[in-house]
J.: 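What follows is a single structure, and I will ask about it in a moment.
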Amino acid sequence: MPQSRKIIIDTDPGQDDAVAILLALGSAELEIVGMTAVAGNVPLRLTEKNARKICELAGRPEIKVYAGAIRPLARELVTAEEVHGETGLNGPQLPEPTMKLQDQYAVDFIVETLMKEESGTITLCALGPLTNIALALIREPKIAPRIKEIVLMGGGFFEGGNVTPTAEFNIYVDPHAADVVFKSGTPIVMMPLDVTHKALTTAKRTQAFRKLGTRVGTATAEMLEFFERFDEEKYGTDGGPLHDPCVIAYLLKPELFSGRNCNVTVETASELTMGMTVIDWWGVTKRPKNAMVMRDIDHDAFFALLLERLGRL
């Protein structure tokens with residue numbers, strides 16, 4: 001069996017974050033070195049707790065969870081309880097976690113791990129605002145060339161934004177952190193709304209998780225039924241987009257996605273377009289290409305992968 005890929009999941013759960021975490025936990029090809037929580041969908045005190053709830057739901061209490069940034073680098077925290085509910089994981093009734101939160105600060109853990117592990121062996125999977133990763137890059141710039149790649153869910157171009165007309169939530173919450181990350185020189189794979197809006201849950205797909213007949217399957221169905229109601233009303237679709245699992249699915253089956261290398265810059269000055277990811281899709285600027293921007297997904301194969309891997313838990 002090939003060597004497993006070492007990852008750090010940086011997350012702000014969130015139901016779609018939870019499904020991404022479950023996908024990683026159900027995949028032997030991935031070794032989760034640690035999980036770092038950041039403020040985003042809900043405040044940090046809930047995101048770190050939710051990360052532990054999901055590990056326990058999957059029967060994996062040995063995963064180490066670290067709490068990170070309590071707020072963005074330069075702006076007030078914006079949260080999304082209207083989408084995710086007041087807990088961030090509304091839907092299933094999940095018990096309070098008994099596994100311990102690690103004492104170490106998440107940013108220190110990221111820096112220490114990247115400096116200790118062999119260069120080019122750790123992938124950062126960013127499912128929320130990029131505050132923790134930016135703080136790590138600022139604290140120790142030597143980590144940038146040691147990161148294998150950063151695979152992130154964030155931004156949008158042809159789809160516009162989902163929290164303002166031009167900005168996607170994860171980037172909007174901390175545009176200054178995103179700016180640091182996109183300027184870091186680290187290889188980046190970006191899953192924008194352009195691809196995640198093609199990964200719709202649909203009633204049939206949600207029911208398939210329930211039919212697994214497991215705690216994980218039932219909880220996933222309950223999370224998705226709660227989560228998708230907001231986007232169904234907003235977009236008039238059957239189901240809602242399943243954003244964050246695209247990050248983990250890419251690590252497992254990159255052939256599910258297609259896109260192109262582009263220059264991506266983040267707007268940090270204009271309040272009108274704050275957090276916009278300006279993607280040079282057509283190569284009209286001379287700016288260097290700094291991200292592989294995905295635009296298409298084989299959504300049927302994506303959901304088949306999710307169902308298979310969550311079925312292992």
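Keep in mind the model is a prediction, meaning the values are calculated, not measured. Excluded from the calculations below are hydrogen atoms, water molecules and symmetry mates; all remaining heavy atoms, backbone and side chain alike, are included. Sequential numbering from 1 along the given sequence is applied to the chain's residues.
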J.: Hey, are the side chains of Leu152 and Asn170 touching, using non-hydrogen atoms and a 4.5 Å cut-off?
T.: no
J.: Enter the distance from Met153:CE to Leu242:CG here, rounded to the nearest 0.5 Å.
T.: 10.5 Å
J.: Could Arg146 and Glu118 be called an ion pair, given the rule that one side-chain N must be under 4.0 Å from one carboxylate O?
T.: no
J.: Do Asp10 and Cys125 have side-chain heavy atoms sitting under 4.5 Å apart?
T.: no
J.: Distance from Thr220 atom OG1 to Met223 atom CE, nearest 0.5 Å?
T.: 4.5 Å
J.: Under 3.5 Å, is there a donor-acceptor pair between the Glu168 and Thr277 side chains?
T.: no
J.: Sub-3.5 Å donor-acceptor pair from the side chain of Ser27 to the main-chain atoms of Glu29, do we have one?
T.: no
J.: Are the side chains of Leu306 and Phe209 in touch, meaning some heavy atoms are under 4.5 Å apart?
T.: yes
J.: Does atom NZ of Lys198 have more than 12 heavy-atom neighbours from other groups under 6.0 Å away?
T.: yes
J.: If only atom types and distance count, is the side chain of Thr201 paired as donor or acceptor with the main-chain N or O of Gly240 below 3.5 Å?
T.: yes
J.: Output the distance between atom OG1 (Thr218) and atom NZ (Lys211), rounded to the nearest 0.5 Å.
T.: 13.0 Å
J.: Identify the heavy atoms of Ile9 and Ile32 that sit nearest to each other, and give their distance.
T.: CD1-CD1, 3.9 Å
J.: Between Met35 and Val151, is there shared hydrophobic-cluster membership here, with clusters defined by ILVMFWY side-chain heavy atoms closer than 4.5 Å?
T.: yes
J.: Would you call Lys286 and Asp280 a salt bridge, taking side-chain N to carboxylate O under 4.0 Å as the test?
T.: no
J.: May I ask you to say whether Arg5 pairs ionically with Glu149, meaning some side-chain N is under 4.0 Å from a carboxylate O?
T.: yes
J.: With distance as the sole test, does Thr166 use its side chain to make a donor-acceptor pair with the main-chain N or O of Met276 at under 3.5 Å?
T.: no
J.: Please determine whether side-chain contact (heavy atoms from CB on, under 4.5 Å) holds for the pair Phe109 and Thr36, giving the CA-CA distance in whole Å, both sets of side-chain angles, and the decisive distance to 0.1 Å.
T.: CA-CA 8 Å; Phe109 165 74; Thr36 51; 3.8 Å; yes
J.: Run Glu96 and Lys49 through side-chain contact (heavy atoms from CB on, under 4.5 Å) and show every step you take.
T.: CA-CA 8 Å; Glu96 289 294 297; Lys49 183 194 289 185; 3.0 Å; yes
J.: Looking at Val42, is its backbone amide N or carbonyl O close enough to the side chain of Asp12 to form a donor-acceptor pair, meaning the two atoms are under 3.5 Å apart?
T.: no
J.: Is Arg45 atom CZ crowded by more than 12 heavy atoms from other residues, nucleotides or ligands, each under 6.0 Å away?
T.: no
J.: Is there a side-chain contact between Tyr105 and Leu135 (heavy atoms, below 4.5 Å)?
T.: yes
J.: Considering non-hydrogen atoms only, spot the tightest contact between Cys55 and Leu25 and give its length.
T.: CA-CD1, 4.2 Å
J.: Report yes if the side chains of Leu130 and Asp174 come closer than 4.5 Å at any heavy-atom pair, otherwise no.
T.: no
J.: Indicate the atoms forming the closest heavy-atom contact of Pro95 with Arg215, along with that distance.
T.: CD-NH2, 4.5 Å
J.: Which value, rounded to the nearest 0.5 Å, describes the distance between Ile8 atom CD1 and Thr123 atom OG1?
T.: 9.5 Å
J.: Membership question, hydrophobic clusters at under 4.5 Å side-chain separation (ILVMFWY): are Val180 and Val189 in the same one?
T.: no
J.: Atom OG1 in Thr11, atom CG in Asp244: separation rounded to 0.5 Å?
T.: 6.5 Å
J.: Testing the basics here: between Val38 and Thr47, what is the closest heavy-atom pair and its distance to 0.1 Å?
T.: O-OG1, 3.0 Å
J.: Would you say Trp282 and Val278 are hydrophobically clustered, going by side-chain heavy atoms of ILVMFWY under 4.5 Å?
T.: no
J.: Looking only at side chains, do Ser258 and Arg295 share a donor and an acceptor under 3.5 Å apart?
T.: no
J.: Do Val111 and Lys142 pass the side-chain contact (heavy atoms from CB on, under 4.5 Å) test, and can you show the C-alpha distance, the side-chain angles, and the key distance before you say yes or no?
T.: CA-CA 9 Å; Val111 171; Lys142 287 179 190 162; over 6 Å; no
J.: For salt bridge (Lys or Arg N to Asp or Glu O under 4.0 Å), just list the numbers for Arg139 and Asp108, CA-CA rounded to whole Å, side-chain angles, deciding distance to a tenth of an Å, and then say yes or no.
T.: CA-CA 9 Å; Arg139 178 162 299 183; Asp108 293 336; 2.3 Å; yes
J.: Looking only at non-hydrogen atoms, find the nearest pair between Pro145 and Ser119 and report the distance.
T.: O-OG, 3.8 Å
J.: Quick check: are there more than 12 heavy atoms from other residues, nucleotides or ligands sitting under 6.0 Å from CD1 of Ile138?
T.: yes
J.: Sub-3.5 Å donor-acceptor pair from the side chain of Thr79 to the main-chain atoms of Glu81, do we have one?
T.: no
J.: Going by heavy atoms in the side chains, are Met294 and Met190 under 4.5 Å from each other?
T.: no
J.: Less than 4.0 Å between a side-chain N and a carboxylate O, is that true for Glu271 and Arg75?
T.: yes
J.: How many angstroms lie between atom CD1 of Ile7 and atom CG of Leu30, to the nearest 0.5 angstrom?
T.: 4.5 Å
J.: So, does Asn50 use its side chain to make a donor-acceptor pair with the main chain of Pro13 at under 3.5 Å?
T.: yes
J.: So, applying side-chain contact (heavy atoms from CB on, under 4.5 Å) with Glu159, which one of Leu193, Val195, Thr196 is it?
T.: Leu193
J.: Indicate whether any N or O donor in one side chain lies under 3.5 Å from an N or O acceptor in the other, for His243 and Asp16.
T.: no
J.: Any ion pair linking Glu225 and Arg210 (charged N to carboxylate O, less than 4.0 Å)?
T.: yes
J.: Are Leu127 and Tyr66 connected in a single hydrophobic cluster, I mean Ile/Leu/Val/Met/Phe/Trp/Tyr linked by side-chain heavy atoms less than 4.5 Å apart?
T.: no
J.: Is it true that Glu112 and Gln104 share a donor-acceptor pair across their side chains at a distance under 3.5 Å?
T.: yes
J.: Check whether any side-chain N or O of Asn263 sits under 3.5 Å from a backbone N or O of Pro288 as a donor-acceptor pair, and report yes or no.
T.: yes
J.: Tell me whether Ile248 is reachable from Ile147 by hopping between hydrophobic residues (I, L, V, M, F, W, Y) whose side-chain heavy atoms are closer than 4.5 Å.
T.: no
J.: Please check: side-chain N/O of Thr202 versus main-chain N/O of Arg205, any donor-acceptor pairing under 3.5 Å?
T.: yes
J.: Do other residues, nucleotides or ligands put more than 12 heavy atoms under 6.0 Å from the CD atom of Glu76?
T.: no
J.: Does the distance from a Lys or Arg side-chain N to an Asp or Glu carboxylate O, for Glu56 and Arg52, drop under 4.0 Å?
T.: no
J.: Kindly indicate whether the side chain of His84, heavy atoms from C-beta on, has any atom under 4.5 Å from the side chain of Gln15.
T.: yes
J.: Applying side-chain contact (heavy atoms from CB on, under 4.5 Å), run through Leu256 and Tyr250 and close with a yes or a no.
T.: CA-CA 7 Å; Leu256 298 181; Tyr250 171 78; over 6 Å; no
J.: Taking all non-hydrogen atoms of both residues into account, name the closest pair between Trp281 and Arg260 and its distance.
T.: O-NH1, 2.8 Å
J.: Does the side chain of Asp179 pick up a donor-acceptor pair with the side chain of Thr268 at under 3.5 Å?
T.: no
J.: So do the side chains of Val216 and Leu22 get within less than 4.5 Å of each other, counting heavy atoms only?
T.: yes
